[in-house]
Every structure is written in C-alpha cells, then in structure tokens.
Amino acid sequence: MTKILIVAAIALAIPSVAASADDGLVTKPSRHSVEETIDNFEAAIKAQAAGGWVVFGRIDHAAVAKKAGLDMRPRTVIIFGNPKAGTSPMTKSATLAIDLPMKALVWQDDQDRVWLTYNTSEYNAKYVFPRHGIATSGDVSKALETFLTKVTDQSTQ
C-alpha cells in the first residue's frame, strides 16, 4: 500500500508539458518569472481588445494562503474572455456562467520552473458547452484554439 501511495505521489508531482487529449489541458513552460508571465498574458489579451477580449481579474491563491498562515508556491488564475462571444450563449443557458469566463493558471513548481496552463478549446467544445446544452461549431473551436495558442506563446516565449 505504501508503495502505491509513493508512486501516486510521484506521478502527481510530475507536470504535464503538452496538451493531453484525456484532460483537456495545455501546460506550457515559460521563460519568464511568474509575474512577468502574468503581465505578458494580460497584455496579450488586452492587445486583442478591438476583438472584444478583456481581462476580468486575477486570483492569487498563494497570497490568500499566506493570509491564512499557509505556504504555497505561486498559483495565479487569470480570468479572461470575450463578452461579445460569451454573452449570447449565457443568455441561452444561465449555468454556463459557472464555466465562463475562461481561465489560465500561471504557476511555479518545486524546481522554480514557471508554467502556464489552460483548457483547450476542444475540451470546452466537447465537454463544457454541451453540459449546459450549448453546441459549438468546429470553426469557432479552431479559431479559439488559434487565439489561445497565440496569446499563450506570446506570454511564455
């Protein structure tokens, strides 16, 4: 039993570096610090403001943990989206608001490497939207994936 727990703990400690079809996440290494990666990501989103993209805010889990007397490596969620695209589906299904706007996570591992993680557009199209009774087109999903790749590459490279 102890051997199984050790193997499970090691498996959980190893971060994924690429998209996985099973979990719907993309995790990219960043060449920058946590704060620089966050700033880069927000700047990349804000640069697309003409297309309706906005940054809604941040959740700094490590800062909140510290206020509670706990230590945590950096874990900041950036909440972002496009009200021009998201409002219409939310008016059709109020519960979609639990999953939108989208989120990206900038985090630091135990070796001080910085990562950026986000849900793939395919995951959103196959699982998130359908659970709220909303269908999405393949073209919309592909366009979103192109957008996400662009802004996350700008943030991490």
Side-chain angles (χ1 to χ4, degrees), residues 6-87 89-90 96-129 136-157:
I6 292 170
V7 171
I10 291 170
L12 289 172
I14 300 170
S16 170
V17 180
S20 169
D22 295 332
D23 65 15
L25 294 174
V26 173
T27 296
K28 294 182 176 183
S30 178
R31 295 177 39 220
H32 309 286
S33 69
V34 168
E35 200 58 43
E36 288 171 322
T37 303
I38 292 167
D39 290 344
N40 291 346
F41 184 79
E42 289 184 352
I45 296 295
K46 291 175 183 177
Q48 302 300 316
W53 290 94
V54 298
V55 174
F56 292 98
R58 295 182 187 183
I59 300 170
D60 185 339
H61 290 287
V64 175
K66 188 173 186 168
K67 287 181 183 178
L70 303 167
D71 288 324
M72 176 188 283
R73 305 212 38 88
R75 309 268 187 274
T76 299
V77 174
I78 304 157
I79 305 162
F80 68 102
N82 189 327
K84 290 180 180 182
T87 300
M90 271 193 255
L96 183 58
I98 197 85
D99 290 315
L100 291 183
M102 293 179 285
K103 294 165 271 315
L105 170 66
V106 178
W107 55 286
Q108 187 175 44
D109 68 18
D110 292 340
Q111 290 77 42
D112 293 327
R113 294 176 298 203
V114 176
W115 305 89
L116 188 148
T117 302
Y118 61 95
N119 285 328
T120 65
S121 62
E122 180 181 11
Y123 178 82
N124 287 327
K126 284 186 175 180
Y127 301 104
V128 174
F129 281 83
T136 60
S137 77
D139 291 342
V140 169
S141 183
K142 286 178 188 174
L144 178 58
E145 195 63 38
T146 299
F147 173 82
L148 291 170
T149 299
K150 176 183 173 183
V151 297
T152 57
D153 284 351
Q154 289 173 352
S155 308
T156 58
Q157 297 177 0

Hey, is [atom1] on [X] packed in by over 12 heavy atoms from elsewhere, all under 6.0 Å?
X      : atom1 : result
Asp112 : CG    : yes
Leu70  : CG    : yes
Glu122 : CD    : no

In this structure, which one of Asp39, Val114, Leu116, Asn40 forms a side chain to side chain contact (heavy atoms under 4.5 Å, CB included) with His32? Asn40
Which residue is it: Val77, Ile78, Val64, Leu105? I am looking for the one with a side chain to side chain contact (heavy atoms under 4.5 Å, CB included) to Ile59. Val77
State whether Arg73 and Asp110 are salt-bridged, where the test is any N-O pair (Lys NZ or Arg NE/NH1/NH2 against Asp/Glu carboxylate O) under 4.0 Å. yes
Find out whether Glu145 and Thr120 are in side-chain contact, i.e. whether some heavy atom of one side chain is under 4.5 Å from a heavy atom of the other. yes
Would a 4.5 Å heavy-atom cut-off, applied to side chains only, mark Met102 and Leu100 as touching? yes
So, for Phe80 and Pro101, which heavy atoms are closest and what is the spacing to 0.1 Å? O-CB, 3.2 Å
Do any N or O atoms from the side chain of Arg113 and from the backbone of Arg31 form a donor-acceptor pair under 3.5 angstrom? no
Any donor-acceptor N/O pair, Thr152 side chain to Thr149 backbone, under 3.5 Å: yes
When you compare the side chains of Lys28 and Thr156, does any donor N or O come within less than 3.5 Å of an acceptor on the partner? no
Say you draw a straight line from CD1 of Ile45 to CG of Leu148; how long is it, rounded to the nearest 0.5 Å? 7.5 Å
Give the ring-plane orientation class for Trp107 versus Trp115, where under 30° counts as parallel, over 60° as perpendicular and anything between as tilted. parallel
